[in-house]
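Note that these values count all heavy atoms, side chains included, but never hydrogens, waters or copies made by symmetry.
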Amino acid sequence: MSAAGTGSHGGREASGAVVAVDVGGTTVKGMVRVGDVVLDRAVVPTLAPVAATDAHAATDAHAAATDAAVGGPALAAVTAVVDRLAAAAAAAGHPLAAIGLCTPGVVDAETGTVVVAVNLDWHDLPLAGLLRDRYGVPVAVAHDARAAATAEIAARTAAGRDVAELVFIPIGTGVSASLVVDGRLVVGAAGGAGEVGHVCVRPGGEPCTCGQRGCVEVYASARNIRRRYRAAGGTIDGATEEIVAAVDTDPEAAAVWADAVDALAAGIAILSAVLDPAVVVVGGGLGESGERLLAPLRTAVDAQLGWRPAPRIEQSLAGAGAGLAGAALLARTAAQSTAAQSTAAQSTAAQSAPAPPAATTAAHGAEPTTDTAPPRTRRTP
C-alpha cells in the first residue's frame, strides 16, 4: 500500500490543502499540507480550554461553546487545530480541500462516527458529519492505530519489508493495535478489532478508564507509566521518556518499567496465539525507546509463548508521527475521491446536455433548406 499521488485529478486536492489531525488523550496534533509540502503544524491540549486565535474571537467563542456542548473539550480542541491550519493555508493562497482525522476508541469509518472513546468522553459522536458541516469539505475519520498502520505499511512497502501478516502497536497515552491479515487491515464487526490495550492481563489489578481492571493499558501506556512511577515515589518530574531513560539507575523507574514490559508482552502473546503474525511492530512515542523496550519485550514474549515460536518484534519505520501521516493519507484520498467524482459528474452532465441544432446554409446559390426536426440529444448508457 503506497501513498496516493497528488494532483492526479486536477481538482480540489491539486491546488487545495489537506489538514491531518491526530487526536490523542493528551494532545491534539495537526498539520496542513499541499502535495508533499507541510505548510504549518499545530498542537493543543486535548482536554483543556482553547483560546480563540484570530480577529473573529466572538465567532470562535460561540463555535467553541457549541463544540464543547456536543463533543466536550476534545472536540473543541480538534476544531481549534483545524481552524488554525485552515487559516494558515488560506493565508498562503490554498483553500481547504479535505480533512483526515484519526482518533482512539471504537470508530465506524464508513459513517465517520466515534462509537466510544473513553479517554475523550465521546459516545456516538458523528465526528465526520460535524466537521463536514462546519468546514464544507470531505472528512475522513479512522481509528488512530489503523491510520498509523496505513503509514507504517506504506513505509515498510517502500523499504521492501514484510506487510502480509503483522500487528502494529502504537504506544502513547493509550495502547491499541492494528491487525494485518493476508495484507488487509482487520476492522472487526463493530470497528473495534485490535483493542489490545483493554485486554485484561492482571485480573483484579489496577482500575482502567474503560471500567475494567488489570488492562494492558493500565501498566504499559506512556501516561500510566508516568502515573505509576510518581505513585511509587519516583522523583523525576518530567516526561515518560525521562523515566524510561533512568531505568538503569532509578529503582522506582526500573520496577514500573518491568511491569509495563510484562503487561505489554502478555498482550502480544495473546495476539500471537490467536493471529500468528510474522512480525509485531511497536510504534508511537514509547516505540522511540528502541532496544531499551524491544530487547526485554522480546525476551518476555518468548517466555510467555512457551512452545510457540515468537514473532519478530521490530521498531516502527514510520516513527512517532505515523498517526498524523496516516491521517494525511486519509485526507488526500478523500480530496482526490471527491475531485474524481466531480470530474465524472461534469463529464456525465456534458454528455447528457442537448446538442445545438445543426445550421444549414445555402451552397452554390441554392436556396437554404429548413430543418424542422427537433434537436437530437445524446443518450448515455
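Across every non-hydrogen atom of Asp22 and Gly323, the tightest pair is OD2-CA, 3.9 Å. Among all heavy-atom pairs drawn from Val280 and Pro311, the shortest one is CG2-CG, 3.8 Å. Considering every non-hydrogen atom in both Gly25 and Leu120, the closest pair reads CA-CD2, 4.4 Å. Counting all heavy atoms, side chain and backbone alike, Pro207 lies closest to Val218 at O-CG2, 3.7 Å. Across Gly30 and Val81, no two heavy atoms sit closer than the pair CA-CG1, 3.8 Å. Of all heavy-atom pairs spanning Ala318 and Ala322, the tightest one is CB-CB, 3.6 Å.
Counting only distance, with no hydrogens or angles, the side chain of His123 and the backbone of Val115 share no donor-acceptor pair below 3.5 Å. Not a single donor-acceptor pair under 3.5 Å links the side chain of Gln315 to the backbone N or O of Val282. In this structure, Glu242 contributes its side chain and Ala239 its backbone to a donor-acceptor pair below 3.5 Å. Ser289 contributes no side-chain N or O that, together with a main-chain N or O of Arg292, makes up a donor-acceptor pair within less than 3.5 Å. Judged purely by atom type and a 3.5 angstrom limit, Thr103 has no side-chain atom pairing as donor or acceptor with the backbone of Val23. The backbone N or O of Gly205 sits less than 3.5 Å from a side-chain atom of Arg213, completing a donor-acceptor pair.
A 4.5 Å side-chain heavy-atom check between Leu85 and Leu39 finds every atom pair outside the cut-off. Between Leu264 and Ile171, some side-chain heavy-atom pair lies under the 4.5 Å cut-off. You'll find the side chain of Trp257 stays beyond 4.5 Å of the side chain of Asp248, heavy atoms only. Within the 4.5 Å cutoff, the side chain of Glu288 has no heavy atoms near those of the Leu293 side chain. No side-chain heavy atom of Val21 sits under 4.5 Å from any side-chain heavy atom of Lys29. Taking 4.5 Å as the limit, every side-chain heavy atom of Val44 sits out of range of all side-chain heavy atoms of Thr27. The side-chain heavy atoms of Cys215 and Val201, taken from C-beta on, include no pair separated by under 4.5 Å. Looking only at side-chain heavy atoms (C-beta outward), Arg161 and Glu314 come within less than 4.5 Å of each other.
Salt-bridge formation is not detected for the pair Arg228/Glu252: no Lys NZ or Arg NE/NH1/NH2 atom is positioned less than 4.0 Å from an Asp or Glu carboxylate oxygen. Arg332 has a carboxylate O that lies under 4.0 Å from a charged side-chain N of Asp36, or vice versa, which qualifies the two as a salt bridge. Ion pairing between a basic and an acidic side chain is recognised when a charged N comes within 4.0 Å of a carboxylate O; Arg84 and Asp40 show no such pairing.
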Stepwise side chain to side chain contact (heavy atoms under 4.5 Å, CB included) check, Val256 with Ile243: CA-CA 9 Å; Val256 169; Ile243 298 169; 5.8 Å; no

For a side chain to side chain contact (heavy atoms under 4.5 Å, CB included) check, start with the C-alpha distance between Leu47 and Asp121, then their side-chain angles and the critical distance, and finish with the verdict. CA-CA 10 Å; Leu47 302 177; Asp121 196 25; over 6 Å; no

Pair Arg146, Val187 - check side chain to side chain contact (heavy atoms under 4.5 Å, CB included), show working. CA-CA 8 Å; Arg146 284 192 282 276; Val187 176; 4.1 Å; yes

Could you give me the CA-CA distance, side-chain angles and deciding distance for Asp302 and Thr299, then say whether side-chain hydrogen bond (donor to acceptor under 3.5 Å, both in side chains) is met? CA-CA 5 Å; Asp302 189 62; Thr299 300; over 6 Å; no

Under the criterion side chain to side chain contact (heavy atoms under 4.5 Å, CB included), I'd like the reasoning laid out for Val32 against Val18: C-alpha separation, chi angles, the key distance, then a yes or no. CA-CA 6 Å; Val32 58; Val18 297; over 6 Å; no

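Cluster annotation: Val199 and Val106 are assigned to distinct hydrophobic clusters (Ile/Leu/Val/Met/Phe/Trp/Tyr, side-chain heavy-atom contacts under 4.5 Å, transitive). A continuous path of ILVMFWY side-chain contacts below 4.5 Å connects Val107 to Val78, so both sit in one hydrophobic cluster. The cluster map of Ile, Leu, Val, Met, Phe, Trp and Tyr, joined by side-chain heavy atoms under 4.5 Å apart, puts Ile169 and Val163 in different clusters. The hydrophobic cluster containing Val186 does not contain Leu330, counting ILVMFWY residues as joined when their side-chain heavy atoms lie under 4.5 angstrom apart, directly or transitively. Hydrophobic cluster membership differs between Leu324 and Leu286, with clusters built from Ile, Leu, Val, Met, Phe, Trp and Tyr side chains linked at under 4.5 angstrom.
Only one option out of Arg223, Arg226, Arg227 pairs with Thr240 in a side-chain hydrogen bond (donor to acceptor under 3.5 Å, both in side chains); it is Arg226.
Atom CG of residue Leu297 and atom CD1 of residue Ile313 lie 4.0 Å apart, to the nearest 0.5 angstrom. Within the model, atoms OG1 of Thr26 and CG of Asn119 stand 8.5 Å from one another, a figure rounded to the nearest 0.5 Å. Here OG1 of Thr79 is found 5.5 Å from CG of Leu75. Values are rounded to the nearest 0.5 Å. Annotation: the span from Thr113 atom OG1 to Trp122 atom CH2 amounts to 11.5 Å, rounded to 0.5 Å. In this structure, CD on Gln212 lies 6.5 Å from SG on Cys200, to the nearest 0.5 angstrom. If you take CD on Glu217 and NE2 on His198, they are separated by 4.0 Å, rounding to the nearest 0.5 Å.
Relative to the ring axis of Tyr219, Arg202 places its NZ or CZ within 45° and under 6.0 Å from the centre.
A side-chain donor-acceptor contact under 3.5 Å links Asp83 and Tyr135.
Residue Glu291 qualifies as enclosed at atom CD: its count of foreign heavy atoms under 6.0 Å is above 12.
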